[in-house]
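To start, the structure under review is shown below, and the notes come after it.
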Amino acid sequence: MLSKIDIKRIRKKFPILNTIINNNKLIYFDNAATTQKPNKVINSIKNYYSNINSNVHRGAYYLSNRATEKMEFSREKIKSFINAKYSHEIIFTSGATESINLIANSISYLINKNDEIIIPYSEHHSNIIPWQILCKKKKALLKIIPIDYYGNLKFDYFKSIISNKTKLISLSHITNALGVINPINEIIYEAKKYNTLVLIDGSQAISHIPINIQKINPDFYVFSIHKMYGPTGIGVLYGKEEILNISPPYKYGGEMINKVTFKKATYANIPFKFEAGTPNIGGILSTIDAIKFIEKINIKNIKIYEDQIINYTIKLLSSIEGIKIYGKNENRSSIISFNIKNIHPFDIGKLLDNFGIAVRTGNHCAQPIMDFLSIPGTIRISFAIYNTFEEIYFFYKKILKIKKIF
Ligand SMILES: Cc1ncc(COP(=O)(O)O)c(C=O)c1O
């Protein structure tokens, strides 16, 4: 059964979708890298610089108060969107990458020699390197949860390595290279037995499935606004109040202080303690419109529609000889990674580009999983709410054509 969402109407909100490339309408299948932006988000940024521009939390004048109020409303909106308990648990960063780096630095005081941090094999580089560096600095051990050929975590192995030495587990909600949904509830359940902190990287989940922080109950949850129809340069770190309160800041400067003398400084309360310097105010304000866009359609409807799109794509691609699709269908969200026998993924990406189809090729910032699969990379198509069945059929026909060329 097809969902009742009016995709034609939704597409009209995205001016970039009218782009023509080599006489073909742009087909944008790289939404895992960044989604396109609706008019309301674009106009909100223009409106900020045209009518509100001023610095936040500083001035006693009209514009600054307005910018500050709207920024705090954006924080409130994010809090409600993910159902966090308090808005001061929402920290603005520059992206998921900075959110993870913030935690890796801020909680470093909890990590001692021979302690352990656990991550899965299938992570984005931004959820590998900060932990690698932290472990090196503290002479701690980075332990890796292996995966099977479908990209699923080996859960029994995870249970065998977690112990009282495990200070933190960090994993993606949905992997960016293969689109595998990780068993985060089960991981958090195990972690709590050992008092282990858990960070969930929700970058590939936030605009595709409903997120209920109080139900998931992680210690930290991070994501980037540009992957949810909002602007680049804004990220979110959700952190539990009690942990954020006792963790030291990660960046120092204006905005994050209480009292400063040449002898010492005391810090502001959360969230401001973690928000040194002037933020991307226009971007933060336009986040309100990105969330309103998702809310209007309803994230549950987005999931239903995107699952239909995924199933249709898998059906078509599976009918082509020589195609290898990675990951398992029952455990997939909005991303399909595949290869075609004897053709380099980059060549396929270039040829698809000639038809106006934007796909991602390469290792998707996840080199370890590519090494595990013994492949140089994949062709990754990733969907958003504005993608259509017609686009997928067009793409499928072009894949058949490319196969004939080789
Ligand atoms: C799972 C995952 N984590 C982290 C990131 C990093 O996001 P950003 O570059 O917006 O900081 C990405 C980006 O693709 C991602 O897919």
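Nothing here was measured: the structure is a model prediction, and the numbers come from that model. Counting convention: from 1, in listed order, for ligands and their atoms alike. Sequential numbering from 1 along the given sequence is applied to the chain's residues.
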Salt bridge present between [X] and [Y] (N-O < 4.0 angstrom):
| X | Y | value |
| --- | --- | --- |
| Lys77 | Glu295 | yes |
| Lys193 | Glu190 | yes |
| Glu72 | Lys79 | no |
| Glu391 | Arg11 | yes |

With a 4.0 Å cut-off on heavy atoms, does [X] reach ligand 1?
| X | value |
| --- | --- |
| Asn127 | no |
| Glu98 | no |
| His226 | yes |
| Ser126 | yes |

When the ring centroid of Tyr121 is compared with that of Phe372, is the distance short of 6.0 Å? yes
Among all protein heavy atoms, pick the one closest to [atom] and tell me residue, atom and distance.
| atom | answer |
| --- | --- |
| atom 6 (C) of ligand 1 | Thr97 OG1, 3.4 Å |
| atom 1 (C) of ligand 1 | Asp201 OD2, 3.4 Å |
| atom 16 (O) of ligand 1 | Gln204 NE2, 2.7 Å |
| atom 15 (C) of ligand 1 | His124 CD2, 3.4 Å |

Can you see whether Thr378 engages His364 through a side-chain donor-acceptor pair at a distance of less than 3.5 angstrom? yes
Kindly confirm or rule out an N or O of Lys227 lying under 3.5 angstrom from an N or O of ligand 1. yes
Lys165 NZ: over 12 foreign heavy atoms closer than 6.0 Å: no
Could you tell me which atoms of ligand 1, counted from 1 in the order shown, lie closer than 4.0 angstrom to a heavy atom of Ser224?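 Close to Ser224: 7 (O), 8 (P), 10 (O), 11 (O).
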